[in-house]
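Worth knowing before you read on, the calculation uses all heavy atoms, side chains too, and leaves out hydrogens, waters and symmetry mates. Only a predicted model underlies this, so the values are computations on that prediction, with no experimental measurement involved.
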Amino acid sequence: MGFLIRLAITAVALWVTTLIVPGVKVTGHNGFNTVFTLVVVALIFGAVNALLKPVIKVFGCVFYLLTLGLFALVVNALLFLLTDWIARGLDLSFHVNGFWAAFWGAIVMAVVSWLISVVVPDSLDER
């Protein structure tokens with residue numbers, strides 16, 4: 001149940017990001033197609049972050065220290081671009097127009113996900 005809640009939170013955060021950041025968009029043909037695309041892209045985004053972010057943190061820890069953590073913003077933008085690349089490869093209607101759209105999109109995603117997570121408890125935290 002916790003996985004589905006986290007997936008829904010990420011999908012909603014992605015939807016809010018498409019509303020706020022001009023270079024991030026989902027161009028679905030209808031409502032169902034848009035929701036399906038948001039859920040699949042949220043799944044891709046979660047998988048990319050779960051698989052690559054820990055590895056990048058280990059190998060890039062020097063850059064994180066030298067930049068006082070600001071390098072994390074660049075890493076998040078690049079992971080957002082990777083999500084776009086995978087989504088395009090799967091022929092999903094999700095598009096990120098360049099690095100700066102990915103940069104701001106990753107920031108908005110993080111903030112919105114955090115805000116929703118504060119309001120919606122995860123089923124694992126209730127134990």
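For the pair Lys25 and Ser93, the minimum side-chain heavy-atom distance is 4.5 Å or more. Arg88 is listed as a side-chain neighbour of Asp84, based on a closest heavy-atom distance under 4.5 Å. No side-chain heavy atom of Val118 sits less than 4.5 Å from a side-chain heavy atom of Leu115. Taking the side chain as every heavy atom from C-beta outward, Leu92 and Ile86 never approach each other to under 4.5 Å. Taking 4.5 Å as the limit, some side-chain heavy atom of Thr27 sits within range of a side-chain heavy atom of His95. Within the 4.5 Å cutoff, side-chain heavy atoms of Leu90 are placed close to those of Ile44. In this structure, the side chains of Phe45 and Met109 come closer than 4.5 Å at one or more pairs of heavy atoms. No side-chain heavy atom of Val40 sits under 4.5 Å from any side-chain heavy atom of Phe94.
Side-chain contact, Ser113 with Arg6: no donor N or O sits under 3.5 Å from an acceptor N or O.
A continuous path of Ile, Leu, Val, Met, Phe, Trp and Tyr side chains, each step under 4.5 Å between heavy atoms, connects Leu19 with Val21, placing both in one hydrophobic cluster. Hydrophobic clustering keeps Leu66 apart from Val75 (ILVMFWY residues linked when any side-chain heavy atoms are closer than 4.5 Å, directly or through intermediates). Note: the hydrophobic cluster containing Leu70 also contains Val108 (ILVMFWY, side chain heavy atoms under 4.5 Å, direct or indirect links). Tracing side-chain contacts under 4.5 Å through hydrophobic residues (I, L, V, M, F, W, Y), one reaches Val35 starting from Leu4; they form part of the same cluster.
For Lys53, the side-chain hydrogen bond (donor to acceptor under 3.5 Å, both in side chains) partners at least two apart in sequence or on another chain are Asn76. For Ala102, the side-chain contact (heavy atoms from CB on, under 4.5 Å) criterion is met by Ala77, Phe80, Leu81, Val96, not counting sequence neighbours. Scanning for side-chain contact (heavy atoms from CB on, under 4.5 Å) contacts around Trp85 gives Leu82, with sequence neighbours left out.
A side-chain donor-acceptor contact under 3.5 Å links Thr18 to the backbone of Trp15.
One distance of note links CG of Leu52 with OG1 of Thr83; it measures 9.0 Å at 0.5 Å rounding. Distance OG1/Thr34 to CZ/Phe32: 10.5 Å, rounded to 0.5 Å.
In this structure, Ile116 and Ala13 approach most closely via the heavy-atom pair CD1-N, 4.3 Å. Gly23 and Ala101 make their closest contact through CA-CB, 3.7 Å (heavy atoms, listed as atom of the first residue, atom of the second, distance).
No option in Leu43, Thr17, Leu14 other than Leu14 meets the side-chain contact (heavy atoms from CB on, under 4.5 Å) test with Leu38. Of the residues listed (Val16, Ile9, Thr10), the one engaging Val112 in a side-chain contact (heavy atoms from CB on, under 4.5 Å) is Val16, and it is the only one.
Between Phe99 and Phe103, the angle of the ring planes lies from 30° to 60°, which puts this pair in the tilted group.
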Going through the distances and angles, do Ile56 and Leu78 end up as a side chain to side chain contact (heavy atoms under 4.5 Å, CB included)? CA-CA 11 Å; Ile56 293 169; Leu78 293 175; over 6 Å; no

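A 6.0 Å sphere centred on CZ of Phe71 holds more than 12 heavy atoms belonging to other residues, nucleotides or ligands.
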